[in-house]
Amino acid sequence: MAKESKCSCSVLLCCTEYETSRTLIVRNKTVGVTNRLIQAIIIGYVIGYVCVVQKAYQDTDSVISSVTTKVKGFAKTNSSDLGLRVWDTADYIIPPQEENSFFVLTNMIVTPNQMQTRCPEVRAADALRIQTGKCVDYSDAVKTCEVFAWCPLEKDTDLPEPAMLTDAETFTVLIKNNIRFPKFHFSKRNILPDVTSSYLKSCTFHRITDPHCPIFQLKDIVSEADEDFQDLAIRGGVIGILINWDCDLDLSHKKCIPKYSFSRLDNKNPENSAAPGFNFRFAKYFSVDGVETRTLVKAYGIRFDVIVFGKVNAVSDWVLLTFTSKRHFYSQQKSTYLDEMDDTSEVGLCLVHFLLPWIPVIVSHVRSQKS
Amino acid sequence: MAKESKCSCSVLLCCTEYETSRTLIVRNKTVGVTNRLIQAIIIGYVIGYVCVVQKAYQDTDSVISSVTTKVKGFAKTNSSDLGLRVWDTADYIIPPQEENSFFVLTNMIVTPNQMQTRCPEVRAADALRIQTGKCVDYSDAVKTCEVFAWCPLEKDTDLPEPAMLTDAETFTVLIKNNIRFPKFHFSKRNILPDVTSSYLKSCTFHRITDPHCPIFQLKDIVSEADEDFQDLAIRGGVIGILINWDCDLDLSHKKCIPKYSFSRLDNKNPENSAAPGFNFRFAKYFSVDGVETRTLVKAYGIRFDVIVFGKVNAVSDWVLLTFTSKRHFYSQQKSTYLDEMDDTSEVGLCLVHFLLPWIPVIVSHVRSQKS
Amino acid sequence: MAKESKCSCSVLLCCTEYETSRTLIVRNKTVGVTNRLIQAIIIGYVIGYVCVVQKAYQDTDSVISSVTTKVKGFAKTNSSDLGLRVWDTADYIIPPQEENSFFVLTNMIVTPNQMQTRCPEVRAADALRIQTGKCVDYSDAVKTCEVFAWCPLEKDTDLPEPAMLTDAETFTVLIKNNIRFPKFHFSKRNILPDVTSSYLKSCTFHRITDPHCPIFQLKDIVSEADEDFQDLAIRGGVIGILINWDCDLDLSHKKCIPKYSFSRLDNKNPENSAAPGFNFRFAKYFSVDGVETRTLVKAYGIRFDVIVFGKVNAVSDWVLLTFTSKRHFYSQQKSTYLDEMDDTSEVGLCLVHFLLPWIPVIVSHVRSQKS
């Protein structure tokens with residue numbers, strides 16, 4: 001490498017002279033070939049690994065997502081408490097609308113006609129409720145504390161098995177997911193452009209035959225998550241519907257398609273667990289002869305969490321962008337469904353970018369040739 | 001560049017001798033100037049691009065956000081089914097509270113007084129419901145299958161046009177957004193410190209005149225998203241309220257202000273779509289003479305998703321921090337509203353950091369001067 | 001550094017000869033020691049800072065999280081409006097189920113038996129409601145405009161102090177949080193494997209004595225956030241339950257444990273604020289003699305947002321992975337609770353990786369020895 005001259009005398013001198021090392025040229029096949037081989041490995045590392053595999057010249061952006069879901073289906077139950085009854089979306093989706101999630105009721109313990117009054121505690125040990133201080137007959141054999149509560153109290157020991165809404169496995173859900181990567185002004189939705197409306201009316205997602213259908217049967221989702229629907233329906237659980245949008249925008253935008261996967265998010269049968277499964281309580285309030293009455297429901301069911309994730313990679317370095325043909329990509333507001341573009345020019349530019357620090361070495365080489 | 005001596009003899013010798021290349025000094029204006037020019041370009045690249053543009057010495061952190069919303073406004077409807085009726089927040093926000101989202105009811109199909117019984121299917125083809133097996137008169141002309149369901153069935157073909165709650169465009173929403181960047185112990189809210197309480201009582205967001213007012217008229221939000229409110233109100237949709245907190249904490253914290261943008265998140269008029277717009281069904285349950293009755297509502301409306309994103313950049317490299325005056329930044333729990341600080345020292349330190357690998361070159365140069 | 005020969009003549013020649021600079025060896029203790037010292041600093045920087053402190057060879061992944069919450073507890077109120085009344089989960093959790101959040105009712109203004117009719121406006125100035133155009137007696141002294149509304153109107157001026165559900169501070173919440181880092185196929189939950197079921201039945205989180213118990217008393221959460229529960233309960237607020245999963249998967253997986261922290265997310269007593277605290281309105285609808293009636297509740301309370309964040313770091317560079325013993329880490333679907341592994345080999349490999357660009361220097365050195 002060239003050495004700079006003693007610049008102490010003047011700035012002018014510093015800029016008009018240069019220094020180069022004196023070299024020896026040695027002819028030796030073994031050392032010469034080894035020398036070039038090592039240089040080839042280094043260049044190969046930069047091209048092959050940094051530029052092609054790691055795509056170190058690309059910038060990434062995280063996804064902004066919007067999810068809407070629509071569950072369809074009817075279930076029939078016939079219990080001694082409720083009699084013959086049908087259940088539709090308004091009955092079994094609780095709450096009726098959530099942002100990235102929906103809960104499907106599959107099993108329940110219903111306690112109808114509760115009123116605010118006094119009644120005997122169900123279990124003697126359950127001392128959390130508000131006690132009146134009296135000791136009363138729970139049954140002929142058992143005496144328990146009297147409590148002030150919504151009476152009669154819920155008996156949550158006898159959970160129906162099989163689950164009440166066994167038909168829930170036939171329900172279908174339409175998931176509409178729109179995503180955008182704001183940094184790259186790129187947006188897309190999970191209903192792909194080549195899918196027709198008539199197809200959407202009849203299709204059901206299947207990993208092999210219908211991988212782009214956005215309508216899923218609940219049973220399929222649960223079995224893709226390696227669970228048995230009827231088993232899960234009894235005590236409930238949380239199932240994740242994962243939509244992965246890992247895209248390389250430098251490739252064709254047509255190749256940017258969502259990948260669905262499903263997995264159980266709560267623990268199935270852990271050795272240590274508090275309140276296994278998934279349940280919550282809600283009440284429907286009535287006014288019976290001016291007295292507030294409620295029907296308490298301990299609702300067991302499956303909460304489906306739609307989790308959208310993914311990262312988009314694309315060239316964003318302005319040095320590279322200046323030279324690429326993709327500048328229009330940034331100038332237009334929404335670039336959707338662009339066609340294939342060649343990747344070769346980009347790898348070339350990556351090289352320029354990463355070889356920049358080597359310029360002094362190259363320059364000194366050129367100079368040494370002249371001297 | 002200096003070559004290291006043959007260290008094979010002893011470690012002591014290795015540390016007491018050094019090797020330098022023998023150089024030639026050539027006086028030539030063209031080559032000398034070119035030499036210095038190339039060196040200037042490389043230094044300029046490091047200073048200008050790596051340090052100033054890319055701010056490669058900064059660390060980033062993602063936002064943790066909390067959003068609360070409060071919708072205000074009254075609407076009046078006058079339909080043949082419901083008669084004259086007013087709607088307030090408790091009627092049209094469903095569910096009443098969500099974390100980062102709120103739904104405003106704008107249109108609906110109401111089916112009152114449904115009970116669990118038998119009735120003729122509305123459309124002959126709709127075979128999903130639970131059929132009794134009988135074929136009954138739907139009207140004088142049409143016979144359909146009898147179903148066991150919540151009867152009478154919903155007739156979802158005649159959607160009101162214009163939408164029922166046309167007044168919804170006058171509703172306002174107060175959005176309170178608190179953010180924090182835990183890595184930098186930085187927190188801020190969208191109600192900026194220089195905004196007064198009296199201003200908040202009367203202001204409405206306007207991109208030009210009131211860009212910091214956190215109260216938005218629904219019509220303005222929808223029109224900023226390039227949609228027509230009354231058009232959108234008929235079938236519903238999803239509107240994103242995007243709050244962007246991209247901040248550079250090395251600049252003044254006063255400059256860290258949220259940028260609002262609005263866009264429709266579902267597809268407006270796609271060629272291929274299942275269930276366009278946004279709607280869901282919910283029911284209000286009553287007890288009429290001991291028989292469970294419900295009012296089914298197919299609710300069309302606008303779901304507003306408040307999406308908070310952004311990254312904060314700040315110096316975090318401990319090498320740099322040791323030398324900067326911003327060490328107190330980490331020692332205090334909450335740094336809010338700090339004043340302007342100079343950026344010059346940081347760029348200088350970035351240089352030190354990035355020029356570190358060049359030290360051998362510089363050192364060998366210095367030594368070559370001596371020899 | 002070696003200079004490449006003039007390759008213009010032929011490729012063959014280019015590969016069989018090499019060029020090296022002619023060097024001088026100078027024996028001088030001061031310069032020799034300085035030389036080695038500088039080299040030691042640079043190598044120390046790479047090993048100590050880049051490899052050990054920054055762990056630049058590691059890849060990161062963001063968390064995918066699932067949260068379920070279950071609040072338990074009973075409250076008793078005794079007000080002139082409602083009389084003696086107990087409140088259970090179904091009464092005070094609104095809505096009954098949310099994804100990452102739960103709202104606990106602590107205070108309220110109840111307006112029972114509202115019907116759609118005409119009544120005098122409460123405040124003369126409140127002109128947002130739908131006015132009939134008449135001026136009527138609000139009281140003996142005051143005349144206000146008549147409005148068409150849910151009547152009687154809510155009087156939201158007299159908020160109960162202390163809050164109605166003072167008992168809410170004794171409520172407990174079980175938080176179950178399952179996380180996964182999809183890139184590394186790593187999943188874990190906040191109920192740690194060494195926690196027993198019997199412990200879970202009786203424990204309550206305490207930062208010092210019970211840091212791994214997933215059951216939290218609401219009062220403790222609020223006081224950890226530096227707030228007074230009874231004070232907060234009056235006007236409501238938003239409390240963040242932050243679960244931090246910053247893990248280094250190259251260390252023992254047992255060390256990957258969640259850190260809980262709590263903080264108030266809305267502003268406590270800001271100088272400028274619109275609608276301080278947290279409240280919303282909802283209604284319970286009844287049918288009284290065929291006339292729709294509702295009980296309007298202005299609900300004040302605490303919204304607890306469970307915010308899960310964290311990044312996992314682990315070796316992911318395939319070059320490094322090829323050489324590490326952790327390849328099985330990627331081949332198995334779920335790696336949970338792996339035991340301690342040594343970190344030494346990784347730092348060694350980091351060195352290889354980061355010293356790769358130095359190979360030309362080392363090679364030229366070796367060659368210069370030979371010549």
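Below, all heavy atoms of this structure are taken into account, side chains as well, without hydrogens, waters or symmetry copies. By convention in this document, chain letters (A, B, ...) are assigned in the order of the sequence lines, proteins followed by strands, and residues within each chain are numbered from 1.
To the nearest 0.5 Å, atom CZ of residue Arg264(C) and atom OG of residue Ser66(B) are 10.5 Å apart. Atoms CZ and CG, from Arg189(B) and Leu265(C) in turn, are 13.5 Å apart once rounded to the nearest 0.5 Å. Here the CG-OG1 distance, from Asp266(C) to Thr68(B), works out to 7.0 Å after rounding to the nearest 0.5 Å.
Of all the listed residues (Ile93(B), Thr293(B), Thr295(B), Asp91(B)), the one sharing the greatest number of non-hydrogen pairs under 4.5 Å with chain C is Asp91(B). Among the candidates Asp167(B), Ile179(B), Val86(B), the residue making the largest number of heavy-atom pairs closer than 4.5 Å to chain C is Val86(B).
Residues Lys176(B) and Asn267(C) have side chains that never bring a donor and an acceptor to within less than 3.5 angstrom of each other.
In this structure, Gln97(B) contributes its side chain and Phe280(C) its backbone to no donor-acceptor pair below 3.5 Å.
Along residues 98-105 of chain B, the residues that come nearer than 4.5 angstrom to chain C, judged on non-hydrogen atoms, are Glu98(B), Glu99(B) in order of number.
Both the backbone and the side chain of Ile94(C) come within contact range of chain B, with heavy atoms under 4.5 Å apart. Proximity to chain B is limited to the side chain of Phe309(C), based on heavy atoms less than 4.5 angstrom apart.
With sequence neighbours excluded, the residues satisfying ring-ring contact (aromatic ring centres under 6.0 Å, His included) with Phe216(B) are Phe205(B), Tyr260(B), Phe262(B).
Within 6.0 Å of the NZ atom in Lys76(B), the count of heavy atoms belonging to other residues, nucleotides or ligands does not exceed 12.
Of all non-hydrogen atoms in Ala90(B) and Leu296(C), the two that sit nearest each other are CB-CD1, 3.5 Å.
Asp88(B) pairs with exactly one of Arg129(C), Arg281(C), Arg294(C) by the salt bridge (Lys or Arg N to Asp or Glu O under 4.0 Å) rule, that one being Arg294(C).
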